[in-house]
Amino acid sequence: MTAGADVRDILDLGSGESENTGINKRDFLNSDKKRSKKSSETLTFKRPEGMHREVYALLYSDNKDAPPLLPSDTTHGYRTVKAKLGCKKVRPWKWMPFANPARKDGALFYHWRRAAEEGKDYPFARFNKTVQIPVFSEQEYQMYLHDDGWTKAETDHLFDLCRRFDLRFVVVHDRYDHQQFKKRSTEDLKERYYAICAKLGNIRATPGSDVKVPVFDAGHERRRKEQLEKLYTRTPEQVTEEEYLIQELRKIESRKKEREKKAQDLQKLITAADTTTEMRRAERKASKKKLPQKREMERPAVPETAGIKFPDFKSAGVTLRSQRMKLPSSVGQKKIKALEQMLTELGVDLNPMPTEEIVQMYNELRSDLVLLYELKQAFGNCEYELQMLRHRHEALAKVGLRSVPVGDGPGMDGQIAMEETKGDLKDQIIDVVGAPLTPNSRKRRESASSSSSVKKIKKP
């Protein structure tokens with residue numbers, strides 16, 4: 001049996017006995033192959049290049065399961081929960097009639113409604129809001145409400161329409177009987193109504209109570225409508241001119257803000273120069289009194305615009321004295337170049353020996369030089385603006401001198417000539433200031449010049 005088993009193993013012939021046995025010779029001979037097959041059978045999923053980790057985690061779970069074919073429906077998260085239908089009995093609905101209290105004709109309508117709500121009021125009746133129109137008697141009208149411009153019948157007709165149309169005065173004015181009564185505007189109707197309401201409120205108010213009296217200004221309402229009418233009936237040329245004038249106004253305001261800012265900066269520089277002078281005097285007095293320790297304590301505060309503000313090194317640790325000579329980052333490159341040029345002209349070394357006294361005096365010198373540079377710039381700007389204003393003044397003076405001898409007498413020709421010179425003077429003043437003419441003003445100027453030339457030709 002053993003020899004036959006060996007032959008079967010050599011020829012790879014299986015037998016029932018060998019198949020039934022738990023362990024075979026092949027298990028020992030081919031153990032490495034089986035392990036490699038098992039290891040190769042385990043699939044490894046590698047994240048593709050360019051795919052984010054979060055997206056890859058949505059595709060595969062920890063167990064390397066494939067993504068689901070259908071989306072799973074869960075009640076977690078922000079999704080609204082579906083209605084849970086139970087086995088309870090459905091509430092019955094019934095086709096029943098209803099009446100709207102807002103209607104005075106007694107009309108009857110039908111709609112579906114729950115049977116439990118039978119007999120209840122119409123739910124939308126609470127939106128039926130009506131305006132409380134005051135009612136007055138004949139005696140009250142004769143004593144307090146009488147007006148020469150209005151009759152009793154006309155006043156009753158007005159209040160009846162206000163009650164019917166809920167103070168919609170446009171509709172009241174449309175339905176007003178202008179044939180029987182005097183023709184009135186909407187403002188007249190509103191003024192009469194609110195005047196009566198105010199008088200009745202003051203009459204019927206209890207003593208000591210604060211009554212809110214309605215006030216209507218008919219004149220203001222008329223002016224408002226006139227302005228709206230003018231605004232609506234503008235021509236395209238007028239709209240263009242208005243937009244142009246608004247732009248010019250913005251430019252003028254921006255220039256005004258710039259001038260105010262320059263004036264403030266100049267005032268700061270002047271104050272800084274005065275403060276620096278006082279600081280120097282205080283230091284000299286302190287040096288004469290030989291109080292070097294209190295000199296730093298009594299030193300007046302210098303504004304930020306006073307030259308250069310060097311940082312104070314108060315942190316613990318070792319620092320170099322030459323670091324106190326380093327210019328801060330707030331100083332611009334242009335100021336640094338100007339400062340180096342002024343130091344070179346004065347013959348001062350740009351990197352002196354950083355002793356205690358030299359560092360202090362060198363920083364003070366550079367701060368004063370920067371302050372001097374800023375003052376020179378401000379002085380140059382003021383000189384430039386003064387020169388521009390002087391040129392404008394000379395141009396205006398020339399225009400004024402040229403317009404004086406025109407018109408010899410009080411006649412019509414002299415008056416016309418004076419008006420022409422005034423128009424030319426106005427246009428030239430606008431041109432001198434720097435604001436160009438508007439399109440309509442150009443047309444008026446051209447028409448005025450043409451009419452003046454024609455008048456001069458006709459003049460004997």
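Start at 1 with the first residue, then count along the sequence.
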Minimum side-chain heavy-atom gap [X]-[Y] below 4.5 Å:
X      : Y      : result
Val370 : Leu372 : no
Glu140 : Arg204 : yes
Leu200 : Ile196 : yes
Thr155 : Arg192 : yes
Lys262 : Leu266 : no
Trp150 : Leu145 : no

Applying salt bridge (Lys or Arg N to Asp or Glu O under 4.0 Å) to Glu187 and Lys225, what does each step give before you reach the verdict? CA-CA 10 Å; Glu187 290 77 19; Lys225 289 187 176 181; 2.6 Å; yes

Given Gln139, His146, Glu138, the one that forms side-chain hydrogen bond (donor to acceptor under 3.5 Å, both in side chains) with Gln142: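 Looking at Gln139, His146, Glu138, the match for Gln142 under the side-chain hydrogen bond (donor to acceptor under 3.5 Å, both in side chains) is Glu138.
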
I'd like to check the side-chain hydrogen bond (donor to acceptor under 3.5 Å, both in side chains) partners of Glu242; sequence neighbours left out, ordered by chain and number. Arg234

Evaluate Leu339 against Leu327 for side chain to side chain contact (heavy atoms under 4.5 Å, CB included), listing each step before the verdict. CA-CA 11 Å; Leu339 182 61; Leu327 292 172; 4.3 Å; yes

Within a reach of under 6.0 Å around CG of Asp121, are more than 12 heavy atoms found that belong to other residues, nucleotides or ligands? no

Got a sec: does the NZ of Lys94 have more than 12 other heavy atoms crowding it under 6.0 Å? no

Quiz question: by atom type and distance under 3.5 Å, do the side chains of Gln387 and Arg390 form a donor-acceptor pair? yes

Regarding Gln264 and Glu260, is there a side-chain donor-to-acceptor distance under 3.5 Å anywhere? no

Where does the angle between the aromatic ring planes of Tyr122 and Phe98 fall among parallel (under 30°), tilted (30 to 60°) and perpendicular (over 60°)?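 Taking Phe98 first and then Tyr122, their aromatic rings lie parallel (interplane angle under 30°).
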
Side chain to side chain donor-acceptor pair (under 3.5 Å) between Arg103 and Asn100, worked out: CA-CA 6 Å; Arg103 297 178 65 101; Asn100 190 353; over 6 Å; no

Begin from the C-alpha positions of Glu154 and Lys182 and carry the test salt bridge (Lys or Arg N to Asp or Glu O under 4.0 Å) through to its verdict. CA-CA 9 Å; Glu154 191 175 3; Lys182 186 178 177 181; over 6 Å; no

List the steps, then state whether salt bridge (Lys or Arg N to Asp or Glu O under 4.0 Å) holds for Lys261 with Asp265. CA-CA 6 Å; Lys261 186 179 179 182; Asp265 295 340; 5.6 Å; no

Under a 3.5 Å distance rule, please check whether [X] uses its side chain to pair with a backbone N or O of [Y] as donor and acceptor.
X      : Y      : answer
Arg168 : Phe165 : yes
Ser367 : Asn363 : no
Asp166 : Cys162 : no

With the threshold set at 4.0 Å, does a side-chain nitrogen-carboxylate oxygen contact exist between Arg184 and Asp177?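 Result for this pair is no, no salt bridge flagged.
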
Using a strict 4.0 Å threshold on nitrogen-to-oxygen distance, state whether Glu253 and Arg250 make a salt bridge.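 No salt bridge links Glu253 with Arg250.
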
Validate the cation-pi geometry between Arg113 and Trp95: distance from NZ or CZ to the six-membered ring centre under 6.0 Å, angle to the ring axis within 45°. no

Given salt bridge (Lys or Arg N to Asp or Glu O under 4.0 Å), test Lys376 with Glu383 step by step and report yes or no. CA-CA 10 Å; Lys376 283 183 178 180; Glu383 282 288 333; over 6 Å; no

Pairing residues for Lys334 by the side-chain contact (heavy atoms from CB on, under 4.5 Å) criterion, not counting sequence neighbours: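 Result, side-chain contact (heavy atoms from CB on, under 4.5 Å) vs Lys334: Tyr373, Gln377.
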
Kindly state whether the ring of Phe159 and the ring of Phe136 have centres lying under 6.0 angstrom apart.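 Yes; Phe136 has its ring centre under 6.0 Å from that of Phe159.
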
